[in-house]
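Notes to accompany the following structure.
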Amino acid sequence: MLDQVGTPELDLELSNIRERVKSVINDDEWDFYKSDIEDVLRLKKEKNAIILGHNYMTPDIFHCVSDITGDSLALAKRAMDVDADIIVVAGVHFMAETAKLMNPEKTVLISDPTAGCSLAESITADDIRKMRALHPGVPVVTYVNTTVEVKAESDICCTSANAKQIVESLGVEKVMLFPDEFLAQNVAEQTDVEIITFPGRCEVHERFTGQQIKLLKKAHPDATVLAHPECPPEVLHESDYAGSTADMSRFVEEQKPKEVALITECSMSANLVAEHPETNFIRSCNLCPHMQKITMENIATALRDMTTEITIDPALAAKARQAVERMIAVPLNK
Ligand code: 13P
Ligand code: SF4
């Protein structure tokens, strides 16, 4: 625990948070996290910092200290409106890079810079240049789950929330949609635009199978199955709905299913349980080892020591930013 003196305001904030998360954080867990939560809340105030928490963060981070939560699209967009000097990204490295791209004048921190992503690691800037040479004139759409170097070589970015719209917004017959092979195949099934794919995969979502979903539905015939579009197409064929992490949250919020299975990272269900006590969540999920590297303890240390700061070469950032800005300019019709 860091040196600190509690204040009545902090005590009140903590007790309000405790009340809110009672259904997802038990007393022992609360005792374990409490001093770090206290430190993070205090340091945020002292340093005028905010925390962007991805939907895959564990409930302690997601519910107790995050100021903005959401999918990668929401975090990329909302990071731009924040009135703070410091942004701590509770998510993986590409998310912190995107936050820095959109907020070059702010200090952006990630509490474990080794929190990567198998998709971001699957493709390099050189791969994009080679693919452009193979397919001259075909625009390159890259998933935000990529490095800044890859974004800088791209025409426009997309996320799982807007991939189809971004592809169609270009008004061309053919695009390259990299690097998630399954996302690209899933989008290709919904559009007339021809899509060239790349063999990148999310190590969490590629493990789900159509057979698994069939068995799940047999065991839970009343369950609604929601799957992330990084899953193989056969998984989406067996599911009732496909969407980004924010789309899945929205679905649960609006449809209020009695029983639901979220075919994605495990923390999604854990986070939604607190807001939807009326819904039974079937835990058929996989853990992302990269997201799991972000902990309450290392967030407290990051804020105290101002580590690890994301820095991007300004010329590279300018090119990469264009691809993200073009994406944000495409209206999302949801
Ligand atoms: P979302 O954009 O749906 O939040 O997905 C990000 C991610 O890393 C999924 O694996
Ligand atoms: Fe990357 Fe998959 Fe982890 Fe998301 S869940 S950060 S896509 S490895």
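Counting starts at 1 for both ligands and their atoms, in listed order. Just the heavy atoms: all of them, side chains too, but no hydrogens, waters or symmetry mates, feed the values below.
On a distance-only criterion, D71 and ligand 1 share no N/O pair closer than 3.5 Å. Of the polar atoms of T245, at least one N or O is found under 3.5 Å from an N or O of ligand 1, judged by distance alone. Distances between N or O atoms of N55 and those of ligand 1 include no value under 3.5 Å. In terms of polar-atom proximity, T159 is not counted as a contact of ligand 1, lacking any N or O under 3.5 Å from an N or O of the ligand.
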Let me see the working for I263 and S284 under side chain to side chain contact (heavy atoms under 4.5 Å, CB included), right down to the final yes or no. CA-CA 7 Å; I263 307 304; S284 49; 3.6 Å; yes
One pair to check against side chain to side chain contact (heavy atoms under 4.5 Å, CB included): Y143 and E230. What are the steps and the verdict? CA-CA 11 Å; Y143 202 27; E230 289 168 10; 2.5 Å; yes
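Which parts of ligand 1 touch S160 is read off a 4.0 Å heavy-atom cut-off, strictly below it: atoms 1 (P), 2 (O), 3 (O). Close approach to E230 involves these atoms of ligand 2, each under 4.0 Å from a residue heavy atom: 2 (Fe), 7 (S).
Using a 3.5 Å distance cut-off with no hydrogens or angles, the side chains of D112 and N298 do not pair a donor with an acceptor. Inspection of the H228 and E265 side chains reveals no N or O donor paired with an N or O acceptor under 3.5 Å. Side chains of S160 and S244: no donor on one and acceptor on the other come within 3.5 Å. H205 and T264 share a donor-acceptor pair across their side chains, judged by distance under 3.5 Å alone.
Inspection of the environment of atom 3 (Fe) of ligand 2 yields the following protein N, O or S atoms under 2.8 Å: C288 SG.
Put simply, part of H54 is less than 4.0 Å from ligand 1, judged by heavy atoms. Using 4.0 Å as the threshold, N145 has a heavy atom nearer than that to some atom of ligand 1.
The part of H228 lying near ligand 1 is the side chain, judged by heavy-atom distances below 4.0 Å.
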